[in-house]
Asker: 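Here it is, the structure in full.
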Protein chains: 2
Amino acid sequence: MTFLGFQRIFVCMSDTIKLPEKYNLNDYQCPSVTVDILVFTIEASELKVLLIKRAIEPFKDEWALPGGFIKMDESLEAAALRELVQETGVKNVYLEQLYTFGDTNRDPRSRVITVAYFALVPSAKLDLKASTDAADVAWFPIKKLPKLAFDHKKIIDYAMNRLTSKIEYSNIVYGLLPIKFRLSELQKVYEVILSKKMDKRNFRKWILSLGLLEATGEKDTDGAHRPAELFKFKKREPVLFD
Amino acid sequence: MTFLGFQRIFVCMSDTIKLPEKYNLNDYQCPSVTVDILVFTIEASELKVLLIKRAIEPFKDEWALPGGFIKMDESLEAAALRELVQETGVKNVYLEQLYTFGDTNRDPRSRVITVAYFALVPSAKLDLKASTDAADVAWFPIKKLPKLAFDHKKIIDYAMNRLTSKIEYSNIVYGLLPIKFRLSELQKVYEVILSKKMDKRNFRKWILSLGLLEATGEKDTDGAHRPAELFKFKKREPVLFD
DNA sequence: TGAATAGTGTCTTTCAGACAATATGCC
DNA sequence: GGCATATTGTCTGAAAGACACTATTCA
């Protein structure tokens, strides 16, 4: 049996632990660990994900999820947040660990384990150009994805499963909306993510019965029609129900 | 912006990529990656988890989840399965990735990221003595846990959340039962995991309406009372519903 | 006054939960 | 016949789903 830590003195490099004399790099390789991040937003009635075009081999010129190596002194979540800020400049967004992908051959060069996170950002916060030095960063509709590098298609599929199920028993859609919003906007978010039309009356009955929203009293006028009341989430932090 | 892979040649050790001349271990450390596994079973009407007593520092003589380092040529799931077989000798059990814990200080010696998996094993399959060379391996009722090493208490709490919610919308309890079982046994599993008594008629109505079970036609006689019909899951693989 | 979106209520069906009596086999 | 567990159905309340008309503002 392998006790946790039993092999560690031989395998892991630590400041406080002496390596054996005959230490050899090839004998005691450890995998690289990256964080990949799926940034979702809703724009023009479509769910979109942020991709970057790779500048180097492998998969040069193909699109991939943004990501990078974790640093030794930052937590996984901190690494994900760092990537997120680098790519989008946004803070205070919904961020959740998705899954860890660790097949041995998922990177053709070496063993790379990636911890995938997904983030939900309101479309208003988008300002890619200002926050990144990369030319080839773009939003892709989830239904019109290009060919993707590595196993990133699989990761996106996994994220879509999580997202579509989780909006039905949590308030995480707050991450895709501004502070104040019309109920019709909220409904649109559900419709886009679930790819189905919903009945307005039933939707409003349902969402209001959850008690997560409160009316602000403000009205939003944006055209030649009756203005809508603006609502907001009581809590902009994860709440599960059901 | 950091492209995925951009730093890799400097950080990761690969057979095919040359390291820079001035390579220095401390500059380019990478974290260790372990797999920890939570093995759950139900025995004597209690939900129990398998723990091992640590033989070395840190946390010497404290209880911990079984786990170990991943090998460079095995997937995460393969590593979890390897640990599972080492500890319990069982195969063909339900196994699911739980979460990846990567706080910088979770191991006092060095940076260790752990990918936690949980397994569900039927109590009949238990045969610890025969399959392990460690004296200090034991099942602990989830409600009477000892002090735990590292952040393993947090990991167990996380697993309990997953387990209690997931049995309500999936068939994963098949992992805790033998092939054929009485409905009263199945109900007991739910009651133990959810820590609540259920109504027999409502439970049977619910579980049968899911269409996941089929009657085997066999009866099980185990005492001075009416024998029970034995049921089995149509599929012993994960099925989600709702 | 026409166009465009906001806002609202009823009916039906389905599902969850409370609740108790009979059936069968073994001793 | 006594004991222990197995098996079965009804009623009620809550929630989900189908469905259509009126309200308000601006051009």
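Not measured: the values here are computed from a predicted model. Numbers restart at 1 for each chain; the letters A, B, ... are given by sequence-line order, proteins then strands.
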Asker: Across the strands shown, which category fits A/Ser184 at heavy-atom distances under 4.0 angstrom: base, sugar-phosphate, nothing?
Answerer: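 If one applies the 4.0 Å heavy-atom cut-off, A/Ser184 turns out to touch the sugar-phosphate alone, with no base involved.
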Asker: Rounded to the nearest angstrom, tell me the gap between atom CD in B/Glu168 and atom P in C/dA16.
Answerer: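 Taking CD of B/Glu168 and P of C/dA16, I get 11 Å after rounding.
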Asker: Go through the side-chain N and O atoms of A/Ser123 and A/Thr41 and say whether any donor and acceptor fall under 3.5 Å apart.
Answerer: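 Checked: A/Ser123/A/Thr41 side chains show no N/O donor-acceptor pair below 3.5 Å.
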Asker: Look at the side chain of B/Arg204 and decide which nucleotide, out of D/dC26, D/dT7, C/dG7, has an atom nearest to it.
Answerer: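 Of D/dC26, D/dT7, C/dG7, D/dT7 is nearest to the side chain of B/Arg204.
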Asker: If I take atom CE in residue B/Met198 and atom P in nucleotide C/dG17, what distance separates them, rounded to the nearest angstrom?
Answerer: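 The distance from CE of B/Met198 to P of C/dG17 comes to 9 Å, rounded to the nearest Å.
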Asker: Checking contacts here: which listed nucleotide (D/dA6, C/dG25, C/dA6) is nearest the side-chain heavy atoms of B/Lys200?
Answerer: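 The nucleotide sitting nearest to the side chain is D/dA6.
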Asker: What integer distance in Å separates B/Asp242:CG from C/dT14:C1'?
Answerer: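 Between C1' of C/dT14 and CG of B/Asp242: 13 Å.
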Asker: Which residue, B/Ala228 or B/Ala224, contacts DNA chain D at a nucleotide closer to its 5' end, judged by nearest heavy atom?
Answerer: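 The residue mapped nearer the 5' terminus is B/Ala224.
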Asker: Please name the residue in the list A/Leu98, A/Thr88, A/Leu95, A/Leu65 that meets the side chain to side chain contact (heavy atoms under 4.5 Å, CB included) test with A/Ile37.
Answerer: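 With A/Ile37 as partner, side chain to side chain contact (heavy atoms under 4.5 Å, CB included) holds for just one option, A/Leu95.
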Asker: For A/Asp103 and B/Ser75, which I'm curious about, is there any donor-acceptor pair between the side chains at under 3.5 Å?
Answerer: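 No.
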Asker: Do we see a donor-acceptor contact under 3.5 Å between the side chains of B/Ser184 and B/Lys200?
Answerer: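 No donor-acceptor contact under 3.5 Å links the two side chains.
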Asker: Has the side chain of A/Lys219 got a donor or acceptor that lies under 3.5 Å from a partner of the other kind on the base of D/dT25?
Answerer: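 By the distance-only test, no, there is no pair.
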Asker: Would B/Lys48 and B/Glu43 pass as an ion pair if we require N to O under 4.0 Å?
Answerer: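 B/Glu43 and B/Lys48: salt-bridged.
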Asker: Which nucleotide in the set D/dA23, C/dA18, C/dT24 lies at the smallest distance from any side-chain heavy atom of B/Pro227?
Answerer: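 In terms of side-chain proximity for B/Pro227, the closest of D/dA23, C/dA18, C/dT24 is C/dT24.
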Asker: B/Gln187 CD to D/dT7 P: how many Å, rounded?
Answerer: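 In whole Å, D/dT7 P lies 12 Å from B/Gln187 CD.
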Asker: Measure CG/B/Leu210 against C1'/C/dC15 and give the value in whole Å, please.
Answerer: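 About 12 Å, once rounded to whole Å.
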Asker: Can you tell which of C/dG7, C/dC19, D/dA6 lies closest to the side chain of A/Arg226?
Answerer: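 In terms of side-chain proximity for A/Arg226, the closest of C/dG7, C/dC19, D/dA6 is C/dG7.
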Asker: Would you kindly give the CG-to-P distance between B/Asn202 and D/dT12, to the nearest whole Å?
Answerer: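 Interatomic distance, CG of B/Asn202 to P of D/dT12: 16 Å.
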Asker: When the distance from CG of B/Leu208 to P of D/dA6 is rounded to whole Å, what number comes out?
Answerer: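 Rounded to the whole Å, the gap is 14 Å.
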Asker: From D/dA6, C/dC19, D/dA4, pick the nucleotide closest to the side chain of B/His225?
Answerer: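 The answer is D/dA4, which lies nearest to the side chain.
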Asker: Out of D/dA20, C/dG7, D/dT8, which nucleotide sits closest to the side chain of A/Arg201?
Answerer: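 For A/Arg201, the side-chain atoms sit closest to D/dA20.
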Asker: Taking only the side-chain heavy atoms of B/Lys205 (C-beta and beyond), determine which of D/dT10, D/dA6, D/dT24 contains the nearest atom.
Answerer: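 Nearest to the side chain of B/Lys205 among the choices is D/dT10.
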Asker: Which part of the nucleic acid does A/Asp222 contact within heavy-atom distance under 4.0 Å: base, sugar-phosphate only, or nothing?
Answerer: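 Nothing, no heavy atom under 4.0 Å.
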Asker: Closest-nucleotide mapping onto DNA chain D: is A/Thr221 or A/Trp206 further toward the 5' terminus? I mean the 5' end.
Answerer: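 Per heavy-atom nearest nucleotide, the more 5' residue is A/Trp206.
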Asker: Could you give the NZ-to-C1' distance, from B/Lys188 to D/dT5, as a whole number of Å?
Answerer: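 Answer to the nearest Å: 13 Å.
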